[in-house]
Amino acid sequence: MPAAEDLLYSTRDHIATITLSRPHRKNAFTLPMADAWAEALRRADADPDVRVIVVTGAGDAFCSGVDLADFKGEQRTPIQEKRLLTERVHQVARALDDLDKPVLAAVAGPAVGAGMDMALLCDLRFAGRSARFCEGYIKVGLVPGDGGCWLLPRVVGQAAALRLLWTGDFVDAAEAKRLGIVEDVFEDADLLDEVYAFAARLVARPPAALALIKRAVRQGANHDLRTALDLISSHMAVVTSMDDSREAYAAFREKRTGTYTGS
């Protein structure tokens, strides 16, 4: 298991925070950290008190990708290399993809390689001015190993994605916003406060409706319109039967803040 300080998990006000905490290595993650990261995501998913998840990095980096010292220590056959990715590293991507709860990335400093991929797997990304994004696999003769070839084109379009994937160029915070990689850019000192303020806005919404909206958006990216309409009609039937839906409507009519229980 990673040292206790390598990956931190905390909850407050219905928000779970996962902090990558190896600042001496720019938060590059080891295999045990990947295990702990996936477990933290599953823990947040299973906790009914958690409604929003924030992922961030300690120190002056978000995540510089995998720690190559941890991955290059032994010779592996091609099938062993594949299993290492699918059974260990990719469990974080699968755990993020399984989540219906909103996941927000707060990115300051570099997000490189798998670190950028992990940020892209979050629903929304917010950047500090020091943020720098890079799909740097090509520079060490590799292909993006954590979903970058699937994720990045869906965020910036195919041509812009290929340019970034082929060159391994860094993108600063302003350019990341222009491309749509991040939603907004803040001063580094204000980044977490701004992300938590946005998370609080989501916490104030009915959690089941949030989750089903996220599911519908993700499913819709892979389905035709008629299938999407069929799915959303089922989701609508579920939420309109819930107490939270009735409370949201009453709060709207009465111009007050709703109180939601997830039921």
When clusters are formed by joining ILVMFWY residues with side-chain heavy atoms under 4.5 Å apart, either directly or through shared neighbours, do [X] and [Y] land in the same one?
X     : Y      : answer
Tyr9  : Leu96  : yes
Val89 : Val112 : no
Leu8  : Val195 : no

Q.
Please identify which of these residues, Lys101, Arg218, Arg215, meets the salt bridge (charged side-chain N to carboxylate O under 4.0 Å, His left out) condition with Asp123.
A. Arg218
Counting distance only, does the side-chain N/O of [X] pair as donor-acceptor with the main-chain N or O of [Y] below 3.5 Å?
X      : Y      : value
Thr19  : Gly57  : no
Thr11  : Ala16  : no
Gln80  : Thr77  : yes
Asp169 : Leu164 : no
His14  : Ala199 : no
Ser130 : Gly109 : yes
Ser245 : Met242 : no
Ser64  : Arg25  : yes

For [X] and [Y], which heavy atoms make the closest approach, and how far apart are they?
X      : Y      : result
Ala119 : Val107 : CB-CG2, 4.3 Å
Ala58  : Asn27  : O-ND2, 2.8 Å
Ala44  : Val50  : O-CB, 3.7 Å
Ala173 : Val185 : O-CG2, 3.6 Å
Ala161 : Val156 : N-CG2, 3.5 Å
Thr257 : Ala251 : C-CB, 4.2 Å

(Q) Taking Asp172 first and then Arg129, would you say they form a salt bridge - that is, a charged N and a carboxylate O separated by under 4.0 Å? (A) no
[atom2] on [Y] to [atom1] on [X], rounded to 0.5 Å:
X      : Y      : atom1 : atom2 : answer
Leu104 : Leu124 : CG    : CG    : 6.0 Å
Arg88  : Met33  : CZ    : CE    : 12.5 Å
Phe198 : Glu183 : CZ    : CD    : 7.5 Å
Asp98  : Gln91  : CG    : CD    : 11.5 Å
Leu191 : Tyr196 : CG    : OH    : 10.0 Å
Asp117 : Trp150 : CG    : CH2   : 12.0 Å

Do [X] and [Y] come close enough that some side-chain heavy atom pair is under 4.5 Å?
X      : Y      : value
Phe133 : Phe170 : no
Phe29  : Arg22  : no
Pro102 : Leu210 : yes
Leu20  : Leu7   : yes
Leu99  : Arg42  : no
Cys149 : Leu165 : yes
Arg132 : Val171 : no
Lys177 : Arg125 : no

Q.
For Trp166, does the six-membered ring have the charged nitrogen or CZ of Arg163 within the cation-pi criterion, i.e. under 6.0 angstrom from the centroid and within 45° of the normal?
A. no
Q: Establish, from distance only, whether the side-chain atoms of Thr30 and Asp67 form a donor-acceptor pair under 3.5 Å.
A: no
Q: Answer with yes or no whether the side chains of Thr261 and Ser263 bring together a donor and an acceptor at under 3.5 Å.
A: yes
(Q) Between Trp37 and Met118, does the side chain to side chain contact (heavy atoms under 4.5 Å, CB included) criterion hold? Intermediate values first, please. (A) CA-CA 11 Å; Trp37 193 346; Met118 295 300 192; 3.4 Å; yes
Flag yes if more than 12 heavy atoms outside [X] fall under 6.0 Å of its [atom1] atom; otherwise flag no.
X      : atom1 : value
Arg246 : CZ    : yes
Arg256 : CZ    : yes
Lys139 : NZ    : yes
Gln158 : CD    : no

